[in-house]
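Before any comments, here is the structure.
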Amino acid sequence: MPELPEVEVVRRGLVAHVAGRTVATVSVHSDRAVRRHPGGAADFRAVVPGHRVEDVRRRGKYLWFAMDSGDAVLAHLGMSGQFRLNGSGPDGARGPDHVHLRVRWSFTDGGPDLDFVDQRTFGGLQFVPGGADLPDPVRHIARDPLDPGYDQEAVVAAVRRRRTEIKRALLDQTVVSGIGNIYADEALWLARLHYARRTEALTRPDVRRVLVAATEVMTAALAAGGTSFDSLYVNVNGESGYFERSLHAYGRQDEPCDRCGTPIRRDAFMNRSSFYCPRCQRRPRS
DNA sequence: CACGGAACCTGCCCGC
DNA sequence: TGCGGGCAGGTTCCGT
């Protein structure tokens, strides 16, 4: 599950349902899901049980289980990863295994299992010794706009130091984290900036405007439970968010711009789609 | 070192 | 009905 609001929805669900519980057993149904764990599947299965989850933390699109030992289990959902509780109904009965079940944790309290489900297998888990505070593999990720330590003016400066297009900078997780393809397009629409505007030519107010827009749109999306177009993006109880109805640009090709009525356009950019209003967001002349 | 594109996967939807 | 191409919310890695 992709961008910051959706990952934060998952994090909150994990805090509510997993914090305070001790892992009993781990089963790995696909080695690829733990490919980033240095010791491989066998080591992952062996090292995680016995730890109690103290907290679940997040930076950008990464989240991690902070264990009582000071270690961490780091997770990234990739394009299609989900955490799902299995056995949380009134009778505690487990459902059939999901087709894309990759990793399962059981707990010493005998309560619901935690399943990591991932269709496209870009996501995964790894154990990071001593990583409870900030796992090493997350060190290169910039703070996200919802982080108390987020410094917007520092990000403004970092963006203007780049020599690239504004959308590339927004998607660069070492500049500012948490923004993905949906919220980049939404923020650019709100700020009336074309995705290909050169970062070095933007004014500080331009960059500030798009960063404020990104913060606001992600905050609103979080309040709505995230954005989801289908069952691929759900919370730990399998429920979808409903922010899709609030999108102005993303996925709205040929539909009228909510500001000026001009049909929204879709361009291929960075091996993906960019949606924008050709009138409100003028293409820079190159 | 910074930048830009390809690669990594599975599944669905469309047109032929 | 079947097949090929395009597309999907992300990140890493490699060449320039």
Side-chain angles (χ1 to χ4, degrees), chain A residues 1-11 29-38 58-64 74-83 98-102 116-126 135-142 144 158-188 195-196 198-200 214 217-218 221-222 224-235 240-247 249-253 266-275 286:
Chain A
M1 200 164 291
E3 309 180 41
L4 184 154
E6 294 75 40
V7 179
E8 176 61 14
V9 166
V10 171
R11 189 197 68 80
H29 299 248
S30 162
D31 286 2
R32 191 172 150 74
V34 293
R35 67 193 178 284
R36 307 212 91 90
H37 179 72
R58 183 187 59 73
R59 174 169 289 189
K61 303 169 197 170
Y62 283 85
L63 57 81
W64 62 94
L74 177 62
H76 198 289
L77 302 174
M79 292 285 260
S80 56
Q82 308 176 351
F83 279 108
H98 192 286
V99 215
H100 304 301
L101 174 64
R102 308 299 183 195
F116 179 69
V117 171
D118 189 11
Q119 179 203 103
R120 290 178 68 187
T121 74
F122 289 161
L125 309 179
Q126 67 187 115
D136 280 341
V138 183
R139 287 236 132 84
H140 68 292
I141 301 294
D144 61 69
V159 167
R160 296 180 73 242
R161 237 179 279 129
R162 306 302 297 276
R163 301 181 55 79
T164 187
E165 295 108 333
I166 182 61
K167 187 171 177 182
R168 287 184 193 279
L170 293 175
L171 294 177
D172 184 337
Q173 306 294 300
T174 68
V175 172
V176 54
S177 71
I179 303 173
N181 206 34
I182 292 180
Y183 300 114
D185 280 3
E186 293 302 304
L188 289 165
Y195 62 82
R198 299 294 305 185
T199 48
E200 67 269 31
V217 71
M218 291 197 294
L222 174 57
T227 298
S228 48
F229 306 107
D230 53 48
S231 62
L232 223 47
Y233 304 97
V234 295
N235 67 17
S240 292
Y242 52 90
F243 192 70
E244 182 196 357
R245 65 188 68 170
S246 305
L247 298 178
Y250 189 86
R252 298 196 60 226
Q253 182 176 16
R266 175 191 168 277
D267 285 359
F269 177 70
M270 291 178 71
N271 292 321
R272 57 214 312 181
S273 293
S274 277
F275 299 90
S286 48

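Letters A, B, ... mirror the listed sequences (proteins, then strands); counts begin at 1.
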**OP:** Considering only atom P, compute the distance from C:dC3 to B:dC9 and round it to an integer number of Å.
**Re:** 23 Å

Subject >> Nucleotide forming a Watson-Crick or wobble pair with B:dC3, both distances under 3.5 Å >> reply: C:dG15

Original post:
Rounded to the Å, how far apart are A:Leu171 CG and C:dT12 P?
Top reply: 14 Å

Original post:
When you match A:Arg266 and A:Arg272 each to their closest nucleotide on DNA chain C, which lands nearer the 5' end?
Top reply: A:Arg266

Subject >> Plane angle bin for A:Phe275 and A:Tyr250 - parallel if under 30°, tilted between 30 and 60°, otherwise perpendicular >> reply: perpendicular

Subject >> A:Arg11 to A:Phe83 six-membered ring, cation-pi geometry met (6.0 Å, 45°) >> reply: no

Original post:
Across the strands shown, which category fits A:Arg161 at heavy-atom distances under 4.0 angstrom: base, sugar-phosphate, nothing?
Top reply: nothing

Subject >> Presence of A:His76 side-chain N/O under 4.0 Å of C:dT11 phosphate oxygens OP1/OP2 >> reply: yes

**OP:** Would you kindly give the CD-to-P distance between A:Gln253 and B:dC14, to the nearest whole Å?
**Re:** 14 Å

**OP:** With heavy atoms under 4.0 Å as the rule, sort A:Arg36 into base, sugar-phosphate or nothing.
**Re:** sugar-phosphate

Original post:
Can you tell me how far P in C:dG5 sits from the matching atom in B:dA7, rounded to whole Å?
Top reply: 15 Å

Subject >> Taking every non-hydrogen atom, the tightest pair across A:Phe122 and A:Arg35 >> reply: O-NH2, 3.0 Å

**OP:** Identify the two heavy atoms, one from A:Arg58 and one from A:Trp64, that lie closest to each other, and give their separation to 0.1 Å.
**Re:** C-CZ3, 3.8 Å

Original post:
Toward the 5' end of DNA chain B, which comes first, A:Arg162 or A:Val99, by nearest nucleotide?
Top reply: A:Arg162

Original post:
How close or far is atom C1' of C:dG9 from atom CE of A:Met79, stated in whole angstroms?
Top reply: 6 Å

**OP:** To the nearest Å, give me how far apart CG (A:Asn271) and P (B:dC9) are.
**Re:** 17 Å

Original post:
Does OP1 or OP2 of C:dT11 have a side-chain N or O of A:Lys61 closer than 4.0 Å?
Top reply: yes

**OP:** Go through the side-chain N and O atoms of A:Tyr62 and A:Ser177 and say whether any donor and acceptor fall under 3.5 Å apart.
**Re:** no

Original post:
Does A:Ser80 put a side-chain nitrogen or oxygen below 4.0 Å from OP1 or OP2 of C:dG10?
Top reply: no

Subject >> Smallest separation among heavy atoms of A:Gly178 and A:Gln173, with atom names >> reply: N-OE1, 2.9 Å

Original post:
In whole angstroms, how far is the P atom of B:dC9 from the CG atom of A:Asp118?
Top reply: 12 Å

Subject >> Under-4.0 Å side-chain N/O to phosphate OP1/OP2 contact, A:Tyr183 with C:dG9 >> reply: no

Original post:
Ring of A:Phe122 versus six-membered ring of C:dT11: centres under 5.5 Å and planes under 30°?
Top reply: no

Subject >> d(NE2, A:His140; P, B:dA2) in whole Å >> reply: 14 Å

Original post:
With respect to the phosphate group of B:dG11, does any side-chain polar atom (N or O) of A:His100 fall under 4.0 Å of OP1 or OP2?
Top reply: yes

**OP:** Pick base, sugar-phosphate or nothing for A:Arg168, based on heavy-atom distances below 4.0 Å to the nucleic acid.
**Re:** sugar-phosphate

Subject >> Distance-only donor-acceptor test (3.5 Å): side chain A:Arg120, base C:dA8 >> reply: yes

Subject >> Sugar-phosphate only, base, or nothing, as touched by A:Phe243 at under 4.0 Å among non-hydrogen atoms >> reply: nothing

**OP:** In whole angstrom, give the distance that lies between atom CZ of A:Arg35 and atom P of C:dT12.
**Re:** 10 Å

Original post:
Given atom CG of A:Leu170 and atom P of C:dT11, what is their separation to the nearest angstrom?
Top reply: 14 Å

Subject >> N/O (side chain, A:Thr121) to phosphate O (OP1/OP2, B:dC8) under 4.0 Å >> reply: no

**OP:** State, yes or no, whether a side-chain contact exists between A:Lys167 and A:Glu165 at a heavy-atom distance under 4.5 Å.
**Re:** no

Original post:
B:dA2, C:dT12, C:dG10: which one has an atom nearest the side-chain heavy atoms of A:Pro2?
Top reply: C:dG10

**OP:** Scan every strand shown for a Watson-Crick or G-U wobble partner of C:dC7, both distances under 3.5 Å, and answer none if you come up empty.
**Re:** B:dG11

